[in-house]
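All chains are named by letter (A, B, ...) in the order of the sequence lines, taking the proteins before the strands, and each is independently numbered beginning at 1.
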Amino acid sequence: MKRDLALLLGILLALLAALLLWALHATLALEPGPRLAELASARLEETGVSNPVTAVLLNYRAYDTLLELAVLLAALLGIWSLGPAPAGYQRSGPALAALVDWIVPLAILAGGYLLWVGGHAPGGAFQAGALLGAAGVILRLSGEPSAGLPGEPAQRWLVVLGAGVFAVVGGGLLASGFGFLTYPPGQAKWLILLIESAATVAIGVTLTAAYVGGRPGSGTAHNGTGQSRTVQR
Amino acid sequence: MPTLLLLFDLVLLATLIVLALATVLSPEPRRAVMLFIAFGLWLALVWARLRAPDIALAEAAIGAGMGGALMLAAARRAAHRDEAAGGDGDKRA
Amino acid sequence: MSAQFLYGGAGILLFALGLWSLLVHEALLRKLIAINIAGGGVFHVFIAIAYRGDTAPPDPVPHALVLTGIVVAVSATALVLALHRRLEQAEESAADAEGRSESASASSAAPPPRTPTERTPTERTPTELTPADLTPADLTPETLHPETPHG
């Protein structure tokens, strides 16, 4: 019965896939109309960065990225509202600890490099923030319960830093007569770098805090990981 | 030369789809998550081939890396839960 | 053109595969992996459409959209996993509380021996007895004719 249902669903979804394939084929056969790509590359010099993806993310569609940071923040607030963080893992042995001592600074350094290079080559705030988050995950896995994050008040400030700086820059530009997130000519590069730096730190802290998986600073959950459970029983 | 490139594309895509199939069809959670991480990394490789290095970096770091780490923790918890339920089922009653 | 169709088609296949797995499998982690694979397929279609051959630069607008999508997908995944863990904790504490009350009430009478195949004895409420619950020791007049009939 269940197998029949799976088979039926498979056939239906194969039909759907065939339909989508036909639609894709028909779309690609059409003459491409006016594309955004030409427009985006034509005015690339005015955006303050030479990497077109960064230009789209932080100049043309900057509000999109602002809302994305807001989504990230909302997800973390949801996670924090579900209770305190579970207990961490047991301390790593000396070999892993030595490796962690090397990897974490290197990840942070590589994150800084990716942030800077994002202006003119592949990279940017999200990739850099993900590297910071990876450093936090490694710290947590090696037995650091806080995953290298500061205390609760500082953590709250760091988490809103990205969306906050973004909104403050946008609001300031609006107040000085340019329009929301419309950078004045010649200053786009530094404003984008400011926003990206704040966003990198915020993304790194948010991803790490999401991995820790609970409200910080209020002790550990009574029933978190399997280890703490087996200790209890 | 184009046929060689086409062959390369086909191998790349066939591996991608086989990895996705293996991920979807594996019932053991830890195995499924590890295959999912491999799938994400391979997807990043394919995107690098499609001249999207920014997105390839992001997928490798965020999609496969962070997502995989989150899911691995969940899979580990699920395995512990199964063990606990199977191990002390008689102790509980 | 042909490369666009080839890669876009692979993205569509991944999407269908993920959707199928989402509908067919029951475990939450497998559903979550399925959603992520379906999302990967959608991203793949975007990247394939943005690809303009090896000579022309690709379209940066879909790339930026996909970058946004990846981050949103991971934050949704993290939130779902946190919700799942909270749900498990709630179930576990409910099961523990029920187990305690069950053992307290059963300590006056003789506790019925549990079959080893029964892993989670407290997921059902104690009054809902199925034939698997009934061992010969349970076949007393009370269990065969419960005071409050139901079902």
I'd like to know if the side chain of Trp20(C) and the backbone of Leu12(A) have a donor-acceptor N/O pair within less than 3.5 Å. no
Segment of Leu65(C) engaging chain A (4.5 angstrom heavy-atom cut-off): side chain
With a 4.5 Å cut-off on side-chain heavy atoms, are Leu20(A) and Phe15(C) touching? yes
Identify which part of Leu16(A) has an atom lying under 4.5 Å from any heavy atom of chain C, answering side chain, backbone, both or neither. side chain
Return the CD1 to CG distance between Ile12(C) and Leu19(A), rounded to the nearest 0.5 Å. 9.5 Å
Roughly how far apart are Leu79(C) CG and Leu76(A) CG, rounded to 0.5 Å? 9.5 Å
Phe46(C) CZ: over 12 foreign heavy atoms closer than 6.0 Å: no
With a 4.5 Å limit on heavy-atom distance, are the side chains of Lys2(A) and Glu26(C) in contact? yes
Most contact-rich option vs chain A, by heavy-atom pairs under 4.5 angstrom, among Leu67(C), Ile70(C), Ile49(C), Val45(C), is Leu67(C)
Atom CG of Leu82(A) and atom CG of Leu81(C): how far apart are they, to the nearest 0.5 Å? 11.5 Å
How far apart are the closest heavy atoms of Ala82(C) and Ile79(A), and which atoms are they? CB-CG1, 3.8 Å
Can you name the closest pair of heavy atoms from Leu21(A) and Gly9(C) and give their distance? CD2-CA, 3.3 Å
For atom CZ of Phe180(A), is the number of surrounding heavy atoms from other residues, nucleotides or ligands below 6.0 Å larger than 12? yes
Arg61(A): what forms a side-chain hydrogen bond (donor to acceptor under 3.5 Å, both in side chains) with it, not counting sequence neighbours? Asp64(A)
Do you know which two heavy atoms are closest between Ser75(C) and Val71(A), and how far apart they sit? OG-CG1, 4.2 Å
Point-to-point distance, once rounded to the nearest 0.5 Å, from CZ of Phe5(C) to OG1 of Thr27(A): 10.0 Å
Measure Ala17(A) against the heavy atoms of chain C and call it side chain, backbone, both or neither at under 4.5 Å. both
What I'd like to find out is whether the side chain of His63(C) reaches to under 4.5 Å of the side chain of Leu57(A), using heavy atoms alone. no
Taking Arg85(C) for its side chain and Gly213(A) for its backbone only, find out whether a donor-acceptor pair lies under 3.5 Å. yes
State, to 0.1 Å, how close Val56(A) and Pro60(C) come at their nearest heavy-atom pair, and which atoms those are. CG2-CB, 4.0 Å
